[in-house]
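Each remark here refers to the structure printed beneath this line.
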Amino acid sequence: YDVFSKSGTYNCYYSNDHHITPRCAYTLYNEINKYTGVTSYNLDDEFYVNKVILNGAFSRQLGQSVRGKMEDLYLTSKKKINYTRYENGVLSKKKVYGKGNDYESAYMDGDNAYTVIDTDVNNGKRIMFVGSSFTNILEALAVPSYEKVVSVDYRHNKTGNSIEYYVKENNIDYVVFIPSQSNNAFQISRILEHLGLSK
């Protein structure tokens, strides 16, 4: 909230969905880079921000009875972004940047248990995101700026491997944990789940 307030960015959340919009996600990306020492790109120099009538989670819960408005959703790169993606240790053709009219299709091809993205960025910076779908857009924004981007979603990752395990396996420099969502805070049991600590 403090980051959003200070940035002067408005419309941080969708009218019918609980995920954050691209420009507000970019303000978080920029804030993260202050800690990691990575130079942020300008969002509009790097991507086209495409508007759609969003098919949001809230409208689906209401049986599509509420029609959304045109809002920023998916990103189209203005430059070629080279990366190699792995899902659960296996080479994957899943896309980082998608299209469509919902958040899931726009970023990371949905939620995944364990994603590793190697890029041709040569700055020695490796970052890992831990949480649920709220990290997906941050992962996508980080790909052009980091040598390696890793994400773990313990709702789907049932390996029993800890955050520390993945940090060591990937030689991670920074871990970003998202402990809540836009419309309310997670209860303790959910936070423990997202940290891979639930039994």
Side-chain angles (χ1 to χ4, degrees), residues 1-4 19-20 22 24-41 43 46 75 81-98 103-104 106-182 185-199:
Y1 174 80
D2 288 342
V3 174
F4 293 160
H19 295 96
I20 58 175
C24 276
Y26 175 81
T27 65
L28 290 181
Y29 153 86
N30 196 44
E31 187 72 15
I32 290 165
N33 290 347
K34 293 177 185 177
Y35 291 92
T36 63
V38 167
T39 301
S40 299
Y41 53 77
L43 181 64
E46 190 75 23
L75 303 174
I81 301 174
N82 296 312
Y83 63 85
T84 305
R85 179 171 177 168
Y86 302 88
E87 291 299 330
N88 305 313
V90 178
L91 190 65
S92 174
K93 292 185 177 179
K94 284 191 168 189
K95 294 180 179 180
V96 171
Y97 311 99
Y103 179 86
E104 183 176 1
Y107 301 106
M108 302 303 294
D109 211 349
D111 301 334
N112 300 279
Y114 172 45
T115 304
V116 174
I117 299 174
D118 291 318
T119 75
D120 59 1
V121 176
N122 189 24
N123 61 4
K125 303 285 187 175
R126 298 173 171 219
I127 193 167
M128 184 168 87
F129 294 90
V130 179
S132 58
S133 59
F134 304 102
T135 68
N136 293 6
I137 189 170
L138 292 174
E139 296 158 33
L141 289 170
V143 167
S145 299
Y146 288 83
E147 194 170 284
K148 184 183 287 272
V149 177
V150 175
S151 68
V152 179
D153 185 338
Y154 281 109
R155 296 173 305 161
H156 306 287
N157 187 322
K158 305 303 181 185
T159 61
N161 295 330
S162 67
I163 292 173
E164 181 182 13
Y165 171 89
Y166 291 116
V167 165
K168 290 179 177 177
E169 182 174 71
N170 295 286
N171 196 23
I172 295 297
D173 302 297
Y174 304 95
V175 176
V176 177
F177 171 59
I178 305 294
S180 74
Q181 57 189 20
S182 60
F186 286 143
Q187 56 189 321
I188 296 298
S189 62
R190 292 290 302 281
I191 292 176
L192 290 173
E193 177 187 18
H194 288 311
L195 287 169
L197 299 174
S198 60
K199 301 294 183 189

Show your working on side chain to side chain contact (heavy atoms under 4.5 Å, CB included) between Met108 and Lys94 and close with a plain yes or no.
-> CA-CA 7 Å; Met108 302 303 294; Lys94 284 191 168 189; over 6 Å; no

What pairs with Glu193 under side chain to side chain contact (heavy atoms under 4.5 Å, CB included), at least two apart in sequence or on another chain?
->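 Applying side chain to side chain contact (heavy atoms under 4.5 Å, CB included) to Glu193 gives Arg155, Arg190, Ser198.
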
Heavy-atom closest pair, residues [X] and [Y]:
X	Y	result
Asp111	Ser133	OD1-CB, 3.2 Å
Tyr97	Leu75	CB-O, 3.8 Å
His194	Tyr154	O-CD1, 3.3 Å
Val143	Val121	O-CG2, 4.3 Å
Asn33	Ser40	ND2-OG, 2.8 Å
Asn136	Gly110	ND2-O, 3.5 Å

Do [X] and [Y] make a side-chain contact, defined as non-hydrogen atoms from C-beta onward lying under 4.5 Å apart?
X	Y	answer
Ile163	Val152	no
Ile137	His19	no
Tyr146	Ile117	no
Ile32	Val176	yes
Tyr86	Thr115	no

List the steps and the verdict of side chain to side chain contact (heavy atoms under 4.5 Å, CB included) for Leu138 and Ile178.
-> CA-CA 10 Å; Leu138 292 174; Ile178 305 294; 4.0 Å; yes

Roughly how far, to the nearest 0.5 Å, is [atom2] of [Y] from [atom1] of [X]?
X	Y	atom1	atom2	answer
Thr119	Ile81	OG1	CD1	10.0 Å
Phe134	Phe129	CZ	CZ	15.0 Å
Asn161	Lys168	CG	NZ	12.0 Å
Glu87	His156	CD	NE2	11.0 Å
Leu195	Leu197	CG	CG	5.0 Å

side-chain contact (heavy atoms from CB on, under 4.5 Å) partner of Arg126, chosen from Asp118, Thr36, Asp173, Val149 =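 Answer to the side-chain contact (heavy atoms from CB on, under 4.5 Å) test with Arg126 among Asp118, Thr36, Asp173, Val149: Asp173.
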
Under a 3.5 Å distance rule, please check whether [X] uses its side chain to pair with a backbone N or O of [Y] as donor and acceptor.
X	Y	result
Asn123	Ser145	yes
Asn171	Val167	no
Tyr107	Glu139	no

Polar side chain donor-acceptor pair, Asp153 to Asn112, under 3.5 angstrom =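 Distance-only check fails for Asp153 and Asn112.
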
Does any donor atom in the side chain of Tyr165 or Asn170 lie under 3.5 Å from an acceptor atom in the other side chain?
->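 Not at all, the side chains of Tyr165 and Asn170 share no donor-acceptor pair under 3.5 Å.
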
Please list, chain by chain and in numerical order, all residues satisfying ring-ring contact (aromatic ring centres under 6.0 Å, His included) with Tyr166, sequence neighbours excluded.
->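 Residues passing ring-ring contact (aromatic ring centres under 6.0 Å, His included) with Tyr166: Tyr114.
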
Assess whether atom [atom1] of [X] is packed by more than 12 heavy atoms of other residues, nucleotides or ligands within 6.0 Å.
X	atom1	value
Glu164	CD	no
Lys95	NZ	no
Lys158	NZ	yes

Going through the checks in order, is the side chain to side chain contact (heavy atoms under 4.5 Å, CB included) test met by Val150 and Ile127?
-> CA-CA 6 Å; Val150 175; Ile127 193 167; over 6 Å; no

